[in-house]
Amino acid sequence: MPLTDFRSITRFRVPFCDIDMMQHVNNAAYVVWAETARCVYFDEVLGESVSGANGIILAKVEITYERPLEYREHVAVGCRVTRLGNKSFDFLCEMWSDDTGQRSALCSATVVAYNYEAKTTIPIPESWRERIAAHEVIAPTPT
């Protein structure tokens with residue numbers, strides 16, 4: 001499975017609640033999986049609590065579906081930062097079947113650094129930039 005460009009990988013089996021009437025994973029489940037992978041990244045790579053004062057807020061999400069996943073299939077979701085701006089940055093998530101070795105979908109998202117106590121956007125903290133640079137296999141492009 002080619003997730004060599006990803007150091008942050010979340011693995012699980014497709015739960016029944018993510019299956020729709022077409023007997024495969026519903027398209028909306030991929031949004032939840034990408035959000036979960038971003039939260040894992042936020043916690044493990046940036047060292048921030050998802051319930052802390054500083055966080056991220058989703059500004060844009062786009063998903064390309066390539067093949068269906070089925071109930072109980074083993075899934076790997078790779079997540080990485082691809083671009084760093086002043087206040088916003090981009091994530092790429094790829095969803096792969098560990099059973100077939102095929103990519104199922106890819107998701108790109110733009111998030112904005114946000115202070116929940118002040119209820120305002122903030123510049124990306126320098127500590128986040130340093131941790132992202134130290135973690136990523138491929139350096140994010142600055143804008």
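These values consider heavy atoms only, across backbone and side chains, with no hydrogens, waters or symmetry-generated copies.
Among all heavy-atom pairs drawn from F6 and L92, the shortest one is CE2-O, 3.6 Å. Residues T10 and A37 come closest through the heavy atom pair OG1-CA, 4.2 Å. Here the closest heavy-atom approach between residue V25 and residue Y30 is recorded as CG1-CE1, 3.6 Å. Minimum interatomic distance between V81 and P140 (heavy atoms only, all atoms of both residues): O-CG, 3.7 Å.
Here N54 contributes atom CG and I122 contributes atom CD1; the two are 3.5 Å apart, rounded to the nearest 0.5 Å. In this structure, OG on S88 lies 11.5 Å from CD1 on I56, to the nearest 0.5 angstrom. Taking CG of L3 as the reference point, atom CE of M95 lies at 11.0 Å (rounded to 0.5 Å).
Panel note: side chain S104, backbone R67; a donor-acceptor pair is recorded below 3.5 Å. Checking side-chain atoms of Y65 against main-chain N and O of L106 turns up no donor-acceptor pair under 3.5 Å. Listed for the T141 side chain is a donor-acceptor partner under 3.5 Å among the backbone atoms of T82.
Under the 30°/60° scheme for interplanar angles, the aromatic rings of F91 and F89 are found to be tilted.
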W33 vs D18, side chain to side chain donor-acceptor pair (under 3.5 Å): CA-CA, chis, key distance, verdict: CA-CA 10 Å; W33 296 354; D18 288 347; 2.9 Å; yes
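For the side chain to side chain donor-acceptor pair (under 3.5 Å) with S97, the qualifying choice from H74, E73, R103 is E73, the only one to do so.
The existence of a salt bridge linking E136 and R80 is excluded, since no basic side-chain nitrogen approaches an acidic carboxylate oxygen closer than 4.0 Å.
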